[in-house]
Amino acid sequence: MLIQGISLYDKNHLYRINTPSDTLYYFFDYDERSYKLNMQFQHFHSFYEIMIPLEESAGHLINGKYYELKMHDLVLLKPSLLHKTVYPKGYPSKRLIINFRFPSNMYYGMESVFANITALFNEKIPIFRFEETPKQALFKILNEIFLLSDSSRKPKNLLIHNKFLEFLVLLSEEQEQNCYLPKNSGQTIEDKIYSITAYIHSHYQEDLSLEFISKKFFISTYYLSRSFKAVTGFTLINYIQMTRIRNAQLLLLSTSEKITDIAEQCGFTSFPQFNRCFNKFCQLSPSAYRAANTVNGLETFEL
């Protein structure tokens with residue numbers, strides 16, 4: 001199936017090279033997602049991800065900030081970045097998800113080249129939208145990967161790897177042609193709430209409260225509480241707690257810091273408070289969570 005003459009797609013088409021714990025890893029996932037399958041909260045993982053909507057309406061939350069997407073936009077997500085796709089109500093939306101990881105020694109002698117490529121994932125707004133000519137060139141390579149992944153050619157893993165590197169190099173070369181502009185007028189209550197969630201993600205280490213947020217964003221506590229729940233599905237306090245817990249999870253898995261120090265870094269005023277909150281959302285103590293995920297090697301983390 002060719003979508004708008006640009007991208008090949010077959011529902012439930014999957015192709016994986018190695019596993020998420022390997023130093024070289026790819027996963028191409030062509031599928032549909034509906035509103036009812038929206039993740040409860042933003043998640044993170046240890047590999048890079050590219051999300052490409054293949055329908056006209058979708059959105060993405062990155063560290064609490066909402067971005068509207070169009071068909072064939074490219075959302076570039078670096079490891080450990082909190083994010084989730086927001087699918088609209090109605091019919092399921094087609095999308096392509098690409099997960100990947102490169103071994104660090106693959107960069108030997110070409111560090112500057114790969115630094116330019118990975119810098120794309122560090123953009124303040126890591127979303128790319130292109131006009132027809134660069135879009136066609138980029139999706140031509142992705143379509144070649146799709147065809148290779150659907151073939152019986154024996155060396156196809158190496159060919160897919162090489163084609164994907166070609167895609168990233170071309171994306172790096174075309175980055176100046178990016179025409180994505182975020183839409184946030186600040187006039188709607190949704191805009192206001194997403195400004196608040198973005199603030200929470202940037203200041204979760206600090207002392208945050210309903211009263212403080214209401215004063216900072218010039219909104220009554222009653223209207224803030226009601227609107228926040230309507231837009232995000234969470235109370236303000238639960239959202240703050242979950243943001244802190246999510247960042248604590250990341251530190252538990254990526255550092256050897258003491259759990260008491262992690263609790264303090266993530267904005268908790270006492271270890272008992274942190275422990276209660278962590279157990280509430282994760283059904284495990286912080287120490288048990290660290291041990292379980294270290295043993296199991298899990299690569300995607302959700303509350």
Q | Test of ring centre spacing under 6.0 Å for Tyr26 and Phe164 | A | yes
Q: Keeping the roles fixed (side chain from Gln136, backbone from Glu132), state whether a donor-acceptor pair exists under 3.5 Å.
A: no
Q.
I'd like to know if the side chain of Tyr30 pairs up with that of Asn12 as donor and acceptor (distance under 3.5 Å, no hydrogens or angles considered).
A. no
Q: For Gln283 and Lys280, indicate whether the former's side chain and the latter's backbone hold a donor-acceptor pair under 3.5 Å.
A: yes
Q: Run the numbers on Ile97 and Ile50 for side chain to side chain contact (heavy atoms under 4.5 Å, CB included), then give the verdict.
A: CA-CA 6 Å; Ile97 298 288; Ile50 300 177; over 6 Å; no
**Q.** Minimum side-chain heavy-atom gap Leu120-Pro126 below 4.5 Å
**A.** no
Q | From Leu208 atom CG to Leu210 atom CG, the distance as rounded to the nearest 0.5 Å | A | 11.0 Å
Q) Do the charged groups of Glu144 and Lys140 touch, with an N to O distance under 4.0 Å? A) yes
**Q.** Steps toward side chain to side chain donor-acceptor pair (under 3.5 Å) verdict (Gln249, Arg246)
**A.** CA-CA 5 Å; Gln249 286 178 305; Arg246 182 66 87 224; 2.6 Å; yes
Q. Does the side chain of Ile98 come within less than 4.5 Å of Asp29's, by heavy atoms?
A. no
Q. With distance as the sole test, does Asn143 use its side chain to make a donor-acceptor pair with the main-chain N or O of Ile6 at under 3.5 Å?
A. yes
(Q) I'd like to know whether CD of Gln265 has more than 12 heavy-atom contacts from other residues, nucleotides or ligands below 6.0 angstrom. (A) yes
Q: Give the C-alpha distance, both sets of side-chain angles, the deciding distance and a yes or no for side chain to side chain contact (heavy atoms under 4.5 Å, CB included) between Ile3 and Met71.
A: CA-CA 10 Å; Ile3 297 176; Met71 187 185 303; 3.8 Å; yes
Q) Is the CD atom of Gln273 crowded by more than 12 outside heavy atoms at less than 6.0 Å? A) yes
Q. When the aromatic ring centroids of Phe234 and Phe41 are compared, is their separation below 6.0 Å?
A. yes
(Q) Can you confirm whether Asn178 sits close enough to Phe128 that some side-chain heavy atom of one is under 4.5 Å from a side-chain heavy atom of the other? (A) yes
Q.
salt bridge (Lys or Arg N to Asp or Glu O under 4.0 Å), that's the test. Do Lys70 and Glu56 meet it? Break it down for me.
A. CA-CA 5 Å; Lys70 290 185 177 180; Glu56 197 52 49; 5.4 Å; no
(Q) Please report whether the ring centroid of Phe100 lies less than 6.0 Å from that of Tyr25. (A) no
Q.
Donor-acceptor check, side chain of Ser214 to backbone of Glu211, threshold 3.5 angstrom: yes or no?
A. yes
Q) Any side-chain heavy-atom pair from Ser7 and Tyr9 closer than 4.5 angstrom? A) no
(Q) So does Glu257 get a backbone contact from the side chain of Asp261, meaning a donor-acceptor N/O pair under 3.5 Å? (A) no
Q. Angle class for the Tyr239/Phe228 ring planes (parallel below 30°, perpendicular above 60°, tilted otherwise)?
A. perpendicular
Q) What's the spacing between Asp73 CG and Glu68 CD if we round to 0.5 Å? A) 10.5 Å
Q: Look at the side chain of Gln175 and the backbone N and O of Ser172, then say whether any donor-acceptor pair between them is shorter than 3.5 Å.
A: yes
Q) Can you name the one residue among Ile125, Leu76, Leu81, Leu82 that meets side-chain contact (heavy atoms from CB on, under 4.5 Å) with Ile62? A) Leu81
(Q) Tell me whether Arg290 contacts the main-chain N or O of Leu252 through its side chain, where contact means a donor paired with an acceptor under 3.5 Å. (A) yes
Q) Under 6.0 Å between ring centres, would you say that holds for His83 and Phe44? A) no
Q.
Quick check against the 3.5 Å criterion: does His203 have a side-chain atom that pairs as donor or acceptor with the backbone of Tyr199?
A. yes
Q.
Rounded at 0.5 Å granularity, tell me how far OG in Ser287 sits from CD1 in Ile259.
A. 5.0 Å
(Q) If you define the side chain from C-beta out and look only at heavy atoms, does anything of Asp22 sit under 4.5 Å from Arg101? (A) no
Q. What orientation do Phe274 and Phe278 show, parallel under 30°, tilted 30 to 60°, or perpendicular over 60°?
A. perpendicular
Q. Are any of the side-chain heavy atoms of Lys135 and Leu138 separated by less than 4.5 Å?
A. no
Q) Is there a donor-acceptor pair under 3.5 Å between the side chain of Thr23 and the backbone N or O of Pro103? A) no
Q.
Measuring from atom OG of Ser195 to atom CG of Asp191, what distance do you get when rounded to the nearest 0.5 angstrom?
A. 6.5 Å
Q) How long is the span from the NZ atom in Lys163 to the CG atom in Leu147, to the nearest 0.5 Å? A) 10.5 Å
(Q) Suppose we call two aromatic rings close when their centres sit under 6.0 Å apart. Are His13 and Phe146 close by that rule? (A) yes
(Q) Tell me if the CG atom of Asp207 is crowded by more than 12 foreign heavy atoms within 6.0 Å. (A) no
Q: Any chance you could lay out the side chain to side chain contact (heavy atoms under 4.5 Å, CB included) test for His60 and Tyr66, step after step, and finish with the verdict?
A: CA-CA 6 Å; His60 214 89; Tyr66 181 80; over 6 Å; no
Q. Does the Arg95 side chain pair with the main chain of Arg33, one donor and one acceptor, at a distance under 3.5 Å?
A. no
Q. When the aromatic ring centroids of Phe28 and Tyr15 are compared, is their separation below 6.0 Å?
A. no
**Q.** Working for side chain to side chain contact (heavy atoms under 4.5 Å, CB included), residues Ile52 and Val75
**A.** CA-CA 6 Å; Ile52 305 173; Val75 183; over 6 Å; no
Q. With a 4.5 Å heavy-atom cut-off, do Leu74 and Phe139 have their side chains touching?
A. yes
Q. Between CD1 of Ile193 and OG of Ser227, what distance do you get to the nearest 0.5 Å?
A. 5.5 Å
Q.
Between Phe27 and Phe47, is the ring-ring contact (aromatic ring centres under 6.0 Å, His included) condition met? List the steps.
A. CA-CA 10 Å; Phe27 180 53; Phe47 40 75; 8.8 Å; no
